[in-house]
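Excluded from the calculations below are hydrogen atoms, water molecules and symmetry mates; all remaining heavy atoms, backbone and side chain alike, are included.
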Number of protein chains: 2
Amino acid sequence: MSNSAAQISQTQTRRQKVEHREEAIIAAASSLFNDKGYRKTTISDIARQSGVADGTVYLYFKNKEDVARAVLADFYDGLTQSAQNGVDALSSPRERIEFFARHHMGEVIGNWRILEIVSTLGHTIDNYEGSDIYALNRAYSTVFIRVAKDAIQQGEFAKDTSPTILRDIFFGSLEYGVRTLMIKRQQNDIENFVQGLMNILFGSGQARNGAVGNQLADRLDQAVSRMEQMLDENET
Amino acid sequence: MSNSAAQISQTQTRRQKVEHREEAIIAAASSLFNDKGYRKTTISDIARQSGVADGTVYLYFKNKEDVARAVLADFYDGLTQSAQNGVDALSSPRERIEFFARHHMGEVIGNWRILEIVSTLGHTIDNYEGSDIYALNRAYSTVFIRVAKDAIQQGEFAKDTSPTILRDIFFGSLEYGVRTLMIKRQQNDIENFVQGLMNILFGSGQARNGAVGNQLADRLDQAVSRMEQMLDENET
DNA sequence: TTCACAAAATGAAAGTTATTCATCATTTAT
DNA sequence: ATAAATGATGAATAACTTTCATTTTGTGAA
């Protein structure tokens with residue numbers, strides 16, 4: 001005959017306990033993955049570090065991959081949020097893209113081992129499109145896609161530029177850039193890479209001296225000059 | 001008291017047998033990896049398909065990862081070779097880079113499951129620089145680096161462009177592009193992506209409203225207008 | 001050909017993990 | 001207080017990888 005409020009409060013208490021355990025497992029897994037990598041971390045490791053029995057992990061997660069997914073979800077949520085916030089605080093497309101690049105590289109470098117999981121699991125999953133990792137990735141990259149569309153709209157890129165191709169170029173470049181920085185142990189050279197990428201993406205102005213594109217531009221330039229001169233002479 | 005030539009010939013015969021076995025194991029593993037993926041392929045599978053006992057595999061390879069490495073080495077050798085050949089057959093930097101992109105995407109898509117291994121092996125950064133996979137990767141990307149340096153030299157990119165950053169942008173973009181094509185099951189859209197990438201890398205001319213390129217276009221527009229007007233006036 | 005020996009090959013056994021499940025412990029509801 | 005439900009446990013299982021004591025095979029000498 002306890003009222004329903006009491007019931008609710010009791011179930012909440014239980015749920016809180018449950019959530020606390022779940023969080024403890026995720027936290028333990030996250031730290032272990034970052035430490036030893038996904039493959040070398042065993043369920044027993046995770047159970048021990050979070051103070052439960054091996055079997056208990058399976059009450060909260062379907063299997064080891066599921067634990068990894070939860071860890072990733074945690075990470076992506078924060079990443080998407082902070083990226084969106086940063087983008088909102090800026091106005092010009094170019095500034096936004098530059099911020100995004102810097103932000104992304106910093107976060108990825110700081111959580112390198114955890115992101116290994118994406119490539120480890122990404123390939124394995126048969127129906128990646130339906131997976132939650134895909135959804136997380138998508139939510140994040142959507143933040144960029146919106147910025148990209150705006151940039152195209154505002155003439156920073158050719159009108160017929162495909163936003164999805166731009167996205168692939170952007171994230172692909174950053175991923176490889178990070179890998180190189182990690183390998184070379186020059187994790188502070190983010191700035192250098194970001195500037196290099198911006199120059200390629202937006203064109204650095206000074207480029208293409210004798211190249212085909214410029215030869216055409218030069219010829220065109222000369223032709224326009226001749227035309228203008230002719231017009232000037234005739235219009236008097 | 002058989003002469004040393006005979007001895008050598010005999011050991012060669014034996015070594016040939018050994019190499020044949022090794023090749024058979026690599027071939028079996030390669031086909032199985034491509035079929036079922038690395039993780040789901042067991043040593044027993046590989047042993048059965050190459051007609052040896054499980055234990056025999058370990059006479060030729062230290063462990064399962066070692067088998068995978070050999071398969072990868074095989075793949076990279078061919079990739080590097082064909083990339084170099086293709087590049088050698090072309091002269092302009094732009095054509096070379098475009099060919100490289102197409103070639104790379106095609107090969108990666110065609111050997112998708114085998115390349116899983118690269119990420120599956122979860123190379124921890126500590127020992128990556130000394131690993132054989134790193135050396136293979138390096139040999140391959142060196143082919144591109146040479147092309148890139150040449151392109152910069154010839155003015156296709158700003159003189160101060162870093163070849164290694166260009167390399168990261170190039171391969172990173174392609175990797176992400178392939179991933180997208182695989183997910184979307186549009187593996188024949190390589191051409192579309194390659195063109196999009198080329199436009200970004202080399203600048204598409206029509207881009208950037210107020211930018212340098214457009215000033216020329218504006219002058220052209222104005223000159224043409226004046227000419228048209230002049231012609232109209234003269235034709236009466 | 002036969003023998004002794006080294007090199008190769010074998011597959012049963014041992015070692016590692018992920019995962020399950022019968023059993024025990026703790027809440028909750030009556 | 002007690003039955004029912006929910007949570008937790010860790011030993012057992014299953015699926016592999018890897019090892020190693022034996023067996024088989026190939027080779028050169030007698």
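Taking atom CG of D45(B) as the reference point, atom P of dC16(D) lies 8 Å away to the nearest angstrom. Y38(A) has its OH atom 14 Å from the P atom of dT17(C), to the nearest Å. Across the protein-nucleic acid pair, I46(B) atom CD1 and dT18(D) atom C1' stand 13 Å apart, rounded to whole Å. Put simply, NZ on K62(B) is 14 Å from C1' on dT19(D), counting in whole angstrom units. If you take CZ of R48(B) and C1' of dT17(D), they are 15 Å apart, rounded to a whole angstrom. Atom-to-atom, CG of D66(B) to P of dT19(D) comes out at 12 Å; the value is rounded to the nearest Å. If you take CG of N63(B) and C1' of dT16(C), they are 14 Å apart, rounded to a whole angstrom. Rounded to an integer number of Å, the gap from D54(B) CG to dA8(C) C1' is 16 Å.
Side chain of Y58(B), nearest nucleotide from dT20(C), dT17(D), dG7(D): dT17(D). Among dA8(C), dA8(D), dA18(C), the nucleotide with an atom closest to any side-chain atom of L59(A) is dA8(D). Each of dA9(C), dT19(C), dG11(C) was ranked by its minimum atom distance to the side chain of I43(A); first place goes to dT19(C). With distances taken from any side-chain atom of V52(B) to the nucleotides dT10(C), dG10(D), dA8(D), the minimum falls on dT10(C).
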Between D45(B) and T42(B), is the side chain to side chain donor-acceptor pair (under 3.5 Å) condition met? List the steps. CA-CA 5 Å; D45(B) 289 338; T42(B) 68; 3.3 Å; yes

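Ring planes of F144(A) and F170(A): parallel class, angle under 30° (limits at 30 and 60°). Classified by interplanar angle (parallel below 30°, tilted 30° to 60°, perpendicular above 60°), the ring pair H104(B)/Y140(B) is parallel.
Screening L115(B), V108(B), I114(B) for a side-chain contact (heavy atoms from CB on, under 4.5 Å) involving W112(B) leaves a single residue, V108(B).
The phosphate of dT10(C) has OP1 or OP2 within less than 4.0 Å of a side-chain N or O from T56(B). Within the 4.0 Å cut-off from OP1 or OP2 of dA8(D), at least one side-chain nitrogen or oxygen of Y60(A) is found. At the phosphate of dA8(D), OP1 or OP2 sits under 4.0 Å from a side-chain N or O atom of R21(A).
Sparse packing is recorded around NZ of K40(B), with 12 or fewer heavy atoms of other residues, nucleotides or ligands lying under 6.0 Å away.
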